[in-house]
Structure formats: C-alpha cells, structure tokens
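Written out below as structure tokens is the structure these notes cover.
This structure is a prediction, so every number in the text was calculated from the model and none was measured. The first residue of the sequence shown is numbered 1, and numbering continues consecutively from there. Remember, it's 1-based here, ligands and their atoms both numbered in the order they're listed.
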Amino acid sequence: MLERRRFLQLGTLGLSALSFSGFKSNSETRKPIVISTWGEGIAANKAAWNILRVGGRALDAVEQGVMVTESSLNCCVGLGANPDRDGYVTLDSCIMDENANCGSVAFLERIKHPVSVARRVMEKTPHVMLVGSGAQQFALAQGFPLESAELSESAKKAYENWLIKSEYKPVINIENSKNQTAFAPNKLENGKWNHDTIGMVAMDANGNLSGSCTTSGMGFKMRGRLGDSPIIGAGLFVDNEIGAATATGQGEDVIRICGSHLVVELMRQGLSPENACKKAVERIIKIKGTSAKDIQVGFIAINKKGEYGGYCIQKGFDFAVCYADDKNFMIPGKFLI
Ligand code: ASP
C-alpha cells in the first residue's frame with residue numbers, strides 16, 4: 001500500500017515536472033524557482049533547475065547548483081580563486097533548509113566543495129559551524145579528498161601581481177567602472193570576475209525553501225578573515241514560512257546588519273523581495289554614510305509566492321533567475337547610489 005502511494009506520488013511529480021513552465025498567473029505561486037547571484041548564476045541555476053524540474057528537493061538543488069561554480073577554475077569561488085595575502089586559498093560556505101537546519105564551514109583549505117561539507121556539518125554533527133583545520137579534518141573524515149595546495153594559474157599571476165605592492169585594500173565588488181554593462185560585470189586583468197561569491201535560494205515544487213552561499217572571500221584578505229558568506233543570518237537566511245535571502249559584496253557590512261536575516265524579516269512585515277532587499281541596502285548606506293560609494297553589497301530574495309527581487313548599493317550587480325526550462329535569465333540589480 002505504502003509502495004503504491006509512493007508510486008502514485010512519484011507519478012504526480014513526474015507529470016507535473018513535464019508541465020513546469022513557470023509562473024501561470026498573478027494569483028498562483030511561481031514554483032519551483034531558483035535565483036542566484038552574478039553571471040555564474042546562469043550555469044548554477046541550470047544545475048539546480050535540473051533537480052527542481054523533476055520534483056527534487058530545494059536543498060539538493062541549492063547544493064548541486066553552487067557546486068558548479070565551486071568547480072569552475074575561471075571564477076572567484078572555489079579552489080581556483082585568489083588566495084589570501086599569505087598565498088593560501090581559504091573557502092567559506094553555508095547551507096540552510098526548510099526546517100531551519102543549517103550547516104557552515106569557514107576558513108577551509110584544500111577541499112573542492114565546501115558547500116557539501118557544510119551540508120554534512122548540518123546533517124552529521126550536532127553543530128552548525130566548523131572552521132579551519134577542524135573543518136578540514138571533518139571533511140577528510142567524511143571522505144572528501146584533500147586537493148593540491150597549488151594556486152590556479154590565474155590566481156598565481158594575480159597573487160604575484162598583488163605582491164609587488166602588497167597593498168592591503170579590503171575592498172571588493174566595485175563594478176561600476178566604464179567597462180561595466182548590466183549583464184557582463186568587469187573581469188579583472190587575470191580574467192576572473194571581480195567578486196567572490198555565489199548565493200542561491202530556491203523553492204521546490206512542494207513549496208519548500210532552501211539556500212546556499214559559497215565563496216573564497218575577499219581576494220588577498222588578511223589570513224583568517226571571514227566575511228558574511230558562511231554566517232547564517234548574514235550571507236544566507238531561510239524561513240520556510242516567509243522566504244529566503246542571500247548576500248554578496250563587502251561581507252563586513254552585511255554582517256553589521258545581519259543582512260539576509262533582515263531581508264527575510266522585512267518580507268515577514270509584508271515587503272516584496274525587492275523592497276526588502278532595498279531597505280537592507282538603505283540601512284548599510286545609512287551606516288556607511290559617504291563611504292558607501294566605495295563598497296558594493298547586493299541582496300537577492302524570494303518569498304513563498306515565488307516572487308523574487310534584488311537590490312544593491314551601486315550599479316553593476318546582477319542576478320540570475322530560473323523558473324522554467326526556457327527561463328533562466330539575468331536581471332540587473334536595482335541600485336541606490
Ligand atoms: N561576501 C563575500 C565576503 O565578504 C565576498 C563577495 O561576495 O564577493 O567574503
């Protein structure tokens with residue numbers, strides 16, 4: 001009997017998967033849906049969508065989605081990314097599901113998929129966060145291979161270049177220079193994107209939300225520095241009753257306002273995802289005053305209706321939205337200054 005029920009359930013999922021064509025009307029919930037930060041979000045969304053479109057769980061989608069970005073040697077997420085100022089790549093990541101389960105790793109070295117280690121922390125330990133050598137030890141015990149400590153070719157070049165001046169300038173994600181176009185953020189000279197994070201939030205066909213966030217942090221950062229990305233409530237927050245949000249940009253300033261948690265709480269008060277992101281950005285600008293022009297922070301969010309939105313401090317942040325086989329597209333984040 002149970003088996004038959006499960007068969008029927010699967011049958012329903014299979015059929016609805018065939019008819020997933022995204023949003024139907026204003027009164028309907030748009031689900032499943034996945035959104036993620038920056039241009040890498042398109043490829044990441046695609047992997048996530050492959051899970052969502054057949055009725056898979058949002059948690060699996062947000063893990064598999066950002067793993068694509070972690071694997072890419074051409075972007076600033078994962079082991080191919082720029083190192084800290086001592087020459088080591090250190091990775092931060094977190095994941096959260098519909099039941100407020102969450103896991104996080106930070107200052108993790110030589111492990112290819114920090115998001116999967118974060119998921120294991122969530123599922124296999126009584127803890128939320130593991131850092132540094134402890135996180136690596138846990139990853140190895142869980143069967144994750146220890147990767148080479150060698151920098152990628154492009155990171156090596158960028159580091160050698162940086163060493164010439166060794167100037168410690170903890171500024172990231174200023175992408176509003178003259179080369180900027182809405183859909184193609186600047187690349188640094190070494191061909192890498194001038195940012196270091198992918199954040200992804202998704203709602204599955206059952207209406208459950210999950211999110212993930214993964215980064216190498218700021219290039220040439222002080223050794224041991226953590227940003228917002230592995231911090232639940234800052235870089236990522238999910239509340240299955242309300243919505244989910246994630247952040248990118250200058251992590252210190254996202255932490256100051258518990259950014260992603262703030263966005264979700266603003267949605268709880270009735271704001272749309274876009275307006276909630278906007279209010280959070282306004283709060284950072286209020287705190288930073290005139291120095292806000294020197295930094296970038298972007299938030300993206302979805303709510304339980306499948307509405308989505310994003311906002312950033314200044315021009316140059318875009319995000320990827322996917323809710324159908326033929327709908328995976330970039331949206332330029334609206335900006336305030
Ligand atoms: N938020 C990340 C950090 O501060 C970096 C980024 O999004 O580019 O580590």
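- The N/O atoms of G217, backbone and side chain alike, include none that comes under 3.5 Å of an N/O atom in ligand 1.
- In the candidate list R225, Q250, Q296, R225 is nearest to atom 9 (O) of ligand 1, counting heavy atoms.
- With no hydrogens or angles considered, a side-chain donor-acceptor pair links N240 and N208 at under 3.5 Å.
- In the model, S116 has a side-chain atom that pairs as donor or acceptor with a side-chain atom of E63 under 3.5 Å.
- Close approach to S229 involves these atoms of ligand 1, each under 4.0 Å from a residue heavy atom: 1 (N), 2 (C).
- Interface atoms of ligand 1 facing D228, defined by a heavy-atom separation under 4.0 Å, are 1 (N), 2 (C), 3 (C), 4 (O).
- Polar contact with ligand 1: absent for G227 (N/O pair, distance under 3.5 Å).
- Judged by distance alone, the side chains of N45 and S36 do bring a donor and an acceptor atom under 3.5 Å apart.
- In terms of heavy-atom proximity, L91 sits nearest to I111 at CD1-O, 3.4 Å.
- For T246 (side chain) and G235 (main-chain N/O), a donor-acceptor pair under 3.5 Å exists by modelled atom type.
- Taking all heavy atoms of T246, T214, T197, T215 into account, the minimum distance to atom 6 (C) of ligand 1 is reached by T197.
- A donor-acceptor pair under 3.5 Å is absent between the side-chain atoms of K288 and the main chain of I295, judged by distance alone.
- Near G251, meaning under 4.0 Å from any of its heavy atoms, are these atoms of ligand 1: 4 (O).
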